[in-house]
4 protein chains.
Amino acid sequence: MPRRRANDPRKTPRQSRSRDTYDAVLEATARILETKGLEAANTNAIAERAGISVGSLYQYFPGKQAIFAELIRRSDAATAEGLATLVAATAGQDLATRLRALVHAAVAQQFARPRLARTLEYLEAALGADEALVAADERIVASVEALLRAHGHELAGPPTKVVARDMLWIAKGMIDGASFVGETDPAQVEARVVGALLGYLGVRGAGSGRAPDARGARTVRARSG
Amino acid sequence: MPRRRANDPRKTPRQSRSRDTYDAVLEATARILETKGLEAANTNAIAERAGISVGSLYQYFPGKQAIFAELIRRSDAATAEGLATLVAATAGQDLATRLRALVHAAVAQQFARPRLARTLEYLEAALGADEALVAADERIVASVEALLRAHGHELAGPPTKVVARDMLWIAKGMIDGASFVGETDPAQVEARVVGALLGYLGVRGAGSGRAPDARGARTVRARSG
Amino acid sequence: MPRRRANDPRKTPRQSRSRDTYDAVLEATARILETKGLEAANTNAIAERAGISVGSLYQYFPGKQAIFAELIRRSDAATAEGLATLVAATAGQDLATRLRALVHAAVAQQFARPRLARTLEYLEAALGADEALVAADERIVASVEALLRAHGHELAGPPTKVVARDMLWIAKGMIDGASFVGETDPAQVEARVVGALLGYLGVRGAGSGRAPDARGARTVRARSG
Amino acid sequence: MPRRRANDPRKTPRQSRSRDTYDAVLEATARILETKGLEAANTNAIAERAGISVGSLYQYFPGKQAIFAELIRRSDAATAEGLATLVAATAGQDLATRLRALVHAAVAQQFARPRLARTLEYLEAALGADEALVAADERIVASVEALLRAHGHELAGPPTKVVARDMLWIAKGMIDGASFVGETDPAQVEARVVGALLGYLGVRGAGSGRAPDARGARTVRARSG
DNA sequence: AATGAATGAGTCTTCATTCAT
DNA sequence: TATGAATGAAGACTCATTCAT
């Protein structure tokens, strides 16, 4: 429910002391969301967890929603950043290898704080878009698009942007699902996600140098059906 | 404020009058979730929308959470039911066709009430599992497993159950994403999802009788990377 | 500070039970304003004094300001009503006598709850006008206008309406002042106010049958100045 | 929240720098009261408007109430001063002329900052009397008393002090009222107030050299009533 | 069974005041 | 002396739940 006030932070803290307090609020909120969920994330609890008073909290954020908004912004910005970095760092390698790197990072993040990720996702939808959010999202999609173009995807099928988004949703869906169901081995998840992405692209993970079935990929015998 | 009481409905109403009231509460809740979101779904609003008094509401449900829980249960049960029916109804057809049928139904449901679906999903995670929920989930997975087995999947790769789950998460991720981003053409989404699922299974949609790139599938040229 | 919500009561209570609660809130507020002042009139205190819970208070009023607004409305309506009644009841009597009756009532009201009257006055200005308030004010002025016309005022000087307003302000100023300074004899105040009003109208209280100086009126010898 | 501390300023600043800061606080408060009202006059806003820090504010005033108190004191002192000066300056002129001068000043002040005047009045009543306030009030009344005595009022009617007070309240009532109702022409108001005062004193404004009805005074035909 | 008024704990937010720097 | 970050008590308002009718 969007409040009347904007969800932008009240003051951008420059001094390190302020910066610390600011970050403490965000981290406290993240911890509460992770451990007790959205309902437990009230301003008093956040302030207490951050080791400050409610009054101080309101000196940095105009309201509770703004804390959530900033948390989402940071999370999305970090993802965008990480993705771009990884895409750049793996330039020259083959597609499967590069995807594996990206998926590895995504899985790691989700498995670190599954509930937080899920809650922020819900909040992102509930709070409504925001310039910064849209920008981060664009960067994320752009990174994947760049990757696809580097491997010749633009030649066929739906627009690259659509394909990039689909890949992101596939990965997100599978990773969320796995963590929700309680899977414990990130490597297994990772392998299956990469398999799914390559499958979606119509590329069998041939170049990976190992049997496709080893961990993730699979084949369905063409039978009666 | 989540009470310790169970989330089971207070009584399973047999009489049709009671049944109507009970359903009215659920439908009212669904409508509010869809149109105004979780924050607006308070017991007073629900009762009013359902055309009854709060007191009556509490005659059928032990608390607000129980209404949500039942909504989720029904939604999941309906999905399980529908899936099983579709799988049975399409017996003998080829895999791609059968998947297309399933995905079609899933897309239709999500596009009908996107916000409701997303909110229930969040609530399902926030409220925690529940016998009935687990049961429904099992049935859903089982339907897909059956489908896979019918087409010879059990022979290779990860356990069929894991594959089934992955497929469900892939579909859910893509469909949610598409509706979130505001895609308007269900057919497009459907085609891409089917493509992704077949790709994941290592089956190129050859049997579908039309060019794979037409709507959903795509190929990546093997290049340098 | 006008709140976002309107200052109209939430529901106009028809049943006597509700009506009682509604009135209890208003009376409690009046009592607190009279005895402890505006700062002490918080919703918790009001509810407690009214013998109800805060929740109930909010079932009848959308907010604190609305309680004040209604209090003002009632006070102004009562004044308008009383004035109109008195003017009608004294028809046929001479002007001085009629004014005396009006002033008598005004003094009585102010002396009954001086602080309440003053606070409501402040709030009326702070809250800003309101249809009902304006209407009551019109009726009040109209009563005095009628009185003036009945005694032939319309023939000379500023518009009757302006004169009527002046008279009201004169009376209000003097009565407030007297009660503020702590005067204890209402009769004295009353006599002086009547004298001032007649003097303003250019009518010496000749017809009153007693020496003008007896209690209120006075004469200044025309001397050097 | 009224603390128990006295409302006296913390220190009477002698140095001009301190004096400036002190005055800046008072002026800032006055401006806020005038433009945004009492609710907006919080210490942070005052300090900001005064161009100082809250800390500094508390170096000069023991609390918020003390600022208001000093503002009232100054306002009343200025009124007392102005009145005394005007009375002295107009010595030898006739009563109507002298009253006109006083009323002119009063109207000018009220029309300059109507909301401020009204709010201070409310605060004066709410905060309760204070030595300095009482002293200023005595001086104000004394000025009017002196005026009356100079024109022979002491010979008849209620004590001169009472008459003086009445005159002050009449003027205040009318002027406040006029500004509240939104009258825009100070001259009109002025004329009517002078008329009312002379009428109260039993003096028709004969000496003023113009028709009494022209602007302010009026006559009521002695009719039946 | 149904009603809906009543409850009051809990939540968000403000702001007068203090105090470390 | 000045600063302004920090404090936390207090206040407005909501809403899940109960219960008298």
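Proteins get letters first, then strands, A, B, ... in listed order; numbering begins at 1 in each.
Of the candidate nucleotides F:dA12, F:dT1, E:dA16, F:dA12 has the atom nearest to the side chain of C:Thr43. Picking from E:dT7, E:dT11, F:dC15 the nucleotide with the shortest atom distance to the side chain of A:Asn42 gives E:dT11.
Exactly one of D:Leu38, D:Asn44, D:Ile46 qualifies for a side-chain contact (heavy atoms from CB on, under 4.5 Å) with D:Asn42. That residue is D:Asn44.
The environment of C:Glu48 atom CD is sparse: at most 12 non-hydrogen atoms of other residues, nucleotides or ligands sit within 6.0 angstrom.
If you take CZ of C:Phe61 and P of F:dA12, they are 15 Å apart, rounded to a whole angstrom. The nearest whole Å value for the distance from the OH atom in D:Tyr60 to the P atom in F:dT1 is 7 Å. Atom OH of A:Tyr58 is separated from atom P of F:dA9 by 16 Å (rounded to the nearest Å). With rounding to whole Å, D:Glu48 atom CD is found 15 Å from F:dA5 atom C1'. When rounded to the nearest whole Å, the span between CD of C:Glu39 and C1' of F:dA10 equals 12 Å. Straight-line distance from the NZ atom of A:Lys64 to the P atom of E:dT13: 8 Å, rounded to whole Å. In this structure, B:Arg49 atom CZ and E:dG4 atom C1' are separated by 20 Å, rounded to whole Å. Regarding C:Ile52, its CD1 atom lies at a distance of 19 Å from the P atom of E:dG4, rounded to whole Å.
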Run the salt bridge (charged side-chain N to carboxylate O under 4.0 Å, His left out) check on C:Arg113 and C:Glu27 step by step: do they pass? CA-CA 12 Å; C:Arg113 293 178 142 189; C:Glu27 183 50 29; 2.6 Å; yes
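Across all strands shown, F:dA10 forms a Watson-Crick or G-U wobble pair with E:dT13, both key distances being under 3.5 Å. With a 3.5 Å ceiling on both atom-pair distances, the Watson-Crick or G-U wobble partner of F:dA20 is E:dT3. For E:dG8, the paired base is F:dC15 (Watson-Crick or G-U wobble, both distances below 3.5 Å).
Note: C:Tyr122 and D:Tyr122 have parallel aromatic rings, judged against thresholds of 30 and 60 degrees for the angle between ring planes.
When each of A:Ser56 and A:Asn44 is assigned the nucleotide of DNA chain E bearing its nearest heavy atom, the one mapping closer to the 5' terminus is A:Asn44. Along DNA chain E, the nucleotide closest to C:Gly51 and the one closest to B:Ser53 are compared, and the more 5′ of them pairs with B:Ser53. The residue among C:Gly55 and B:Gly55 whose nearest nucleotide of DNA chain F is located toward the 5' end is C:Gly55. Between C:Ala41 and D:Thr21, it is D:Thr21 whose nearest contact on DNA chain F lies nearer the 5' terminus.
In terms of modelled atom types and a separation under 3.5 Å, the side chain of D:Thr29 and the main chain of D:Val25 share a donor-acceptor contact.
Residue B:Gln59 has a polar side-chain atom (N or O) positioned under 4.0 Å from OP1 or OP2 of E:dA2.
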